[in-house]
There are 2 protein chains.
Amino acid sequence: MAQDRRPAGRSERRAAGERKPREERWAQLLEVATQMFYEKGYDGASLQDIADRLGMLKGSLYYYIQSKEDLLFEVISEVHREGFAVVSSAAGGPGDPLDRLERTIRAHVEHACRNLVPTAVFLHELESLPTARREEILGSGHAYQGVFRDLVAEAQRAGLTRADVDPRVAGLSILGSTNWVYRWFRADGPSTPEEIGAQLAAMAVHGVATADALAARGATVGA
Amino acid sequence: MAQDRRPAGRSERRAAGERKPREERWAQLLEVATQMFYEKGYDGASLQDIADRLGMLKGSLYYYIQSKEDLLFEVISEVHREGFAVVSSAAGGPGDPLDRLERTIRAHVEHACRNLVPTAVFLHELESLPTARREEILGSGHAYQGVFRDLVAEAQRAGLTRADVDPRVAGLSILGSTNWVYRWFRADGPSTPEEIGAQLAAMAVHGVATADALAARGATVGA
DNA sequence: CCCCGACCACCATACGGTCGGTAGGTGTCG
DNA sequence: CGACACCTACCGACCGTATGGTGGTCGGGG
């Protein structure tokens, strides 16, 4: 390849003391890879880029990974596990279905805002994985989507939502509005994650609930 | 390159009569490119792939285009123009702000469902364009987002929405739920584009409107 | 003294892009 | 009416470069 090295000089030996224990390096690698995939996309980010950022040579990466695809899998897998844990824990708590729906949306949005980069990589590059590994992550049930759909369905069985609401479409609508956040949220923007989460949750709840149900929870939720 | 040709044999002359006039070929090229970008992404789809599908050699593509990026630009530009026309036309018609919001969402969703592939390419690959050309398409005002935000804002000025609704966030929420559709809509699925459009529109309107405004339009909109 | 963590040289491949050519149709002019 | 020029649409060989991936090597800390 003749150009396996970093752009410029550096002909002297790598500075001593940069050797790090495996675990630490591995975490660093995941972090750097996530960032690179975010900036350039999976195809656009080369192992060279990642190695450069880590201060290693490209070949050395293969001490930690088997292939580039494995790296993506690892990154995405971790993001999904975390996010799903947050969401399903919020959905499982106490309260009536509308309360839980509201809380779950807030949790999801806040988590996405605070983990913008990994979230973006997850939503963008999931499809860069071959189908098999993709479904290994999602679980064949498309779990994320199921959480919201099930909450709406449960609310509907309790008579808390309008009759013409389709829980499946409603769930996907909520997922869409919350998963869109990573595209426009800026930490230095006019709204905090909490505010955005509260707004989106309120819109979703009002979007599906009956007038009665809304009136009943009027004491808890403003206006 | 030595391997510029299609995978297998085909050593005989190209079947006669495949020559097409410029305009027709250009349309075909845009269509094939859109499809390939959809299937493999911009980076993943090679000019070789596109040429193969057209029954040409890669080099011949340069009779029609200047660069691969130009091709993407053309594709995305066309999609955006169409979609934006649909949406802003719906938003501009008669009716009170909530009516127009509802109609606009329906139009947007139905258009997206009926143009799944181009829509997906637009939403996925917009960021594969360099910033300059991206903004040339979007117009620096992020027009799409503005349409929904403005409709909500107008409704709010007319006292039709809850006071705590932030038009900016509401607009982005609507954009998110509608732009998510391309990820799950299937023509052979359980819902038609019209049904989905109506559902999402109803959720959005209920999501922002006051109880009074909803009661007032009860005659027009079910439940 | 061993083996961890990394170096370095090296493939094969595939890509975007360039360029000189050429077959066939069309127009033109004697 | 025929021959000659010219344009359109495409061919096919080629270039430079970057990429993912491999394998052999080696210093130094436990």
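Note that the structure is a prediction, hence the values are computed from the model and not measured. Side-chain atoms are counted along with the backbone in the values below, which use heavy atoms only and exclude waters and symmetry mates.
Between the CG atom of Leu61(A) and the C1' atom of dC7(C) there is a distance of 12 Å, rounded to whole Å. In this structure, the CG atom of Asp43(B) is 11 Å from the C1' atom of dC15(C), given to the nearest Å. Regarding Met36(A), its CE atom lies at a distance of 10 Å from the P atom of dT19(D), rounded to whole Å. For the pair Lys40(A) NZ and dA18(D) C1', the interatomic distance rounds to 12 Å; values are reported in whole Å. Between Tyr62(A) atom OH and dC10(C) atom P the separation is 19 Å, expressed in whole Å. Rounded to an integer number of Å, the gap from CG of Leu54(B) to P of dA9(D) is 14 Å. Rounding to whole angstrom units, CG of residue Leu47(B) and C1' of dC11(D) are separated by 16 Å. With rounding to whole Å, Asp49(B) atom CG is found 14 Å from dG17(C) atom P.
Dashed line: the shortest gap from a side-chain N or O of Ser60(B) to OP1 or OP2 of dC11(D) is under 4.0 Å. In terms of phosphate contacts, Tyr64(B) brings a side-chain nitrogen or oxygen within less than 4.0 Å of OP1 or OP2 of dC10(D). Within the structure, every side-chain polar atom (N or O) of Arg25(A) is placed at least 4.0 Å from both OP1 and OP2 of dC4(C).
In the model, Glu39(B) has a side-chain atom that pairs as donor or acceptor with a side-chain atom of Gln35(B) under 3.5 Å.
Sorted by first and then second residue, the side chain to side chain donor-acceptor pair (under 3.5 Å) pairs with a member in residues 181-191 of chain A read His124(A)-Tyr182(A); sequence neighbours excluded.
Considering only side-chain atoms of Lys58(B), the nucleotide from dG17(C), dC7(C), dG21(D) that sits closest is dG17(C). Out of dG21(D), dA6(C), dT19(D), the shortest distance to the side chain of Gln48(A) is found at dT19(D). Closest approach to the Leu57(B) side chain among dG21(D), dC11(D), dC8(C) is made by dC11(D) (side chain taken as heavy atoms from C-beta onward).
Note: His108(B) and Tyr144(B) have tilted aromatic rings, judged against thresholds of 30 and 60 degrees for the angle between ring planes.
Residue Tyr63(B) is the one, among Tyr63(B) and Gly44(A), whose nearest nucleotide of DNA chain D lies closer to the 5' end (criterion: closest heavy atom).
At least one donor-acceptor pair closer than 3.5 Å links the side chain of Glu195(B) to the backbone N or O of Thr192(B).
Within 4.0 Å (heavy atoms only), Ser46(A) reaches sugar-phosphate atoms of the nucleic acid but no base atom.
Taking the ring centre of Phe73(B) as origin, the terminal cationic atom of Lys68(B) falls outside the region bounded by 6.0 Å and 45° from the ring axis.
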